[in-house]
Number of protein chains: 2
Amino acid sequence: MTSIHDVARAAGVSPATVSRALRGMDRVSPQTRSKVLAAAQELSYVASPSATSLVSGKTSVVGVVVPFLNRWFFSSVLDGTEQLLRQHGYHLLLFNVGRGSARTLMLDQRLLWKRVDALLVLSADLEPEEVALLAALHVPLVAVDVDLPGWDRVGIDDRHAAELATEHLLDLGHRRIAYVGGNPEEDVHLATALDREAGVVAALSRRGLELDSACRVRGDWTVRGGRDAGERLLSLRQPPTAVVAASDEMAIGVLCAARERGRIVPRDLSVVGIDDHDLAFTHDLTTVAQPVHEQGRLAAQLLLDALAETGPHQRQVRNLPVELVVRGSTAPVCS
Amino acid sequence: MTSIHDVARAAGVSPATVSRALRGMDRVSPQTRSKVLAAAQELSYVASPSATSLVSGKTSVVGVVVPFLNRWFFSSVLDGTEQLLRQHGYHLLLFNVGRGSARTLMLDQRLLWKRVDALLVLSADLEPEEVALLAALHVPLVAVDVDLPGWDRVGIDDRHAAELATEHLLDLGHRRIAYVGGNPEEDVHLATALDREAGVVAALSRRGLELDSACRVRGDWTVRGGRDAGERLLSLRQPPTAVVAASDEMAIGVLCAARERGRIVPRDLSVVGIDDHDLAFTHDLTTVAQPVHEQGRLAAQLLLDALAETGPHQRQVRNLPVELVVRGSTAPVCS
DNA sequence: TTGAAAGCGCTACCAA
DNA sequence: TTGGTAGCGCTTTCAA
């Protein structure tokens, strides 16, 4: 409970001087500063963040809005973010909102108002009122892997990633290619799902092929969802010879479905994912790798830039490079 | 920037009355209250958290200390924690400290002081000064899967979990059983690694067996580490017929090593993990499941209890039940 | 039931 | 270079 007055008394100066000395401002004599530092150290004084914020209007807190904490992509991005923001003196306040039918937390003004200096949004599926709220907060905001019109964005070119995956299969001679995407009902606003699908369609059409509607199935972005999707695909009268999954989790699900049906990968079915999940290599999964950690770092950097800016903000959109990683889950089509 | 004064003016009452009305305190007439509520609504007024905290000394923030964000166990526990704390009006402030040689953040008073009302610690490997700091903060604290003497603990009986895993293998006739644990150098303080090892040793010794020192290898708690460990074990002149890994990630790594060496699991090698990781079933991994999400919830509940307490605190230690989940990675020993 | 005023702990302005 | 003072926005006595 030691306050600035205690330090002032101990150092024999005024609270104002303690404040200046401790924050490294000029117009404090070296002797005074060291006296103050010593006293503060002695009393293990730390300024109350509430009091400081009340005066400065700054909280040193960045809010992070995520749909899930326990899915690889999100936790990895966050991991990349944390370090950089910490180094610059910011704390991370978590808003784990859920997604679609698992939406558990609605952002509202009471949660955010005067609580954060900036926001990092990893979540799609925000309601229009929530987006309006974000604007009303008047704080810098960076969206990762989501489009929030008007705000900075860090991500990858989703369409291109899917094209890479699809072209790899086409180059191997596959012609009947399926796409396992998100959940169309829950993901209506999720550009990621749509863009990746568009990439598949584009790559196919360049070879004069189409994405058969039976070969376009949802996967919920989970392993279980991917397995169900794979199940559906493999039970078609004319099953695909290859699958592009919008995420590695779903791709792994498809692998499970294939295994359960006794299909040998890649002999009977080629599978390619997108992400390069930590565990992708354990399934020898061919995938399009995206720099997840780096996206977190870059988002943090953009936030820091915006926080440091004085003038008007120039919108930033940064897509990081992706790369096809060929492993053992894809092979030339059996003729 | 609307403050309590604006609301007071709009409602034609004093700030004090607004404060009482908005917080649902008694001694406010119904008419006045509704006038105030209407005015607050109209101006979309939200009280400044800094100002409120400054007066009350409460922040409505719980700090969570984790060693990693992007590892399944930690992100899943956190996911369980978040919801419950939110429901009770608490925010989560993240402290992603790292572990061992990847230690990136040292807890210090400036980080925590007056910033959190309580702490959830998922991290081992805190330095003695950090533990002393935690005590000096005088806030409720619950440790998950870690022993912090004197503080509440939520976890599992690690020793028992390892015993279950080992007994399963013994029951299948295995006699040469290996243990893949953490990194002994980095995990000196990590009771989890030691307790699980003790469980293996205990189960073995009940059958008159010992844990051969060559069969006791480190795994870093990662898939890669597990793979290296598996590699080491399989290259022994007398390799084990079965492996207990202290985590599913490491167990999966062992499976990879086996596959790379052309060993068929479970014919040539049985592998059992601990956790029941989300992806464990994709590798058909036999494992000892622990209720991770539930640990997060329970920890949150204990924190809420402690926060609500007025009298002295009674230390709580809660171990949740574990359960052997038999899948396809274990089989009777080949004779 | 309501309001005036003091004060939470700090920073910033203006004098000295 | 330093200190007094006036807030920051709210809550909480104490009076009315």
Mutual orientation of the aromatic rings belonging to A:F74 and A:F68 [parallel < 30°, tilted 30-60°, perpendicular > 60°]: tilted
Whole-Å distance separating the CG atom of A:L22 from the P atom of C:dG9: 16 Å
When you check every protein heavy atom under 4.0 Å of nucleotides 3-16 of chain D, what one-letter string (B, S, -) results, 5' to 3'? BB--BBBBSB----
Given A:V77 and A:V154, is the side chain to side chain contact (heavy atoms under 4.5 Å, CB included) satisfied, shown in steps? CA-CA 11 Å; A:V77 170; A:V154 170; over 6 Å; no
Note down the inter-axis angle between the two ends of the helix from C:dT1-D:dA16 to C:dA16-D:dT1, five pairs each, to the nearest 10°. 40°
For A:A118, side-chain contact (heavy atoms from CB on, under 4.5 Å) partners two or more places apart: A:V62, A:P140, A:L303, A:L307
Contacts of type side-chain contact (heavy atoms from CB on, under 4.5 Å), residue A:Q83, not counting sequence neighbours: A:Q87, A:R297, B:T104
I would like to know whether A:L111 and A:L105 meet side chain to side chain contact (heavy atoms under 4.5 Å, CB included); could you show each step before the answer? CA-CA 10 Å; A:L111 293 177; A:L105 177 68; 3.8 Å; yes
What's the verdict on side chain to side chain contact (heavy atoms under 4.5 Å, CB included) for B:L93 and B:L112, showing C-alpha distance, side-chain angles and the deciding distance? CA-CA 10 Å; B:L93 198 61; B:L112 295 168; over 6 Å; no
Salt bridge (charged side-chain N to carboxylate O under 4.0 Å, His left out) with A:D158: which residues, sequence neighbours excluded? A:R153, A:R196
Could you tell me which residues satisfy salt bridge (charged side-chain N to carboxylate O under 4.0 Å, His left out) with A:R86, sequence neighbours excluded, listed by chain and number? A:E82
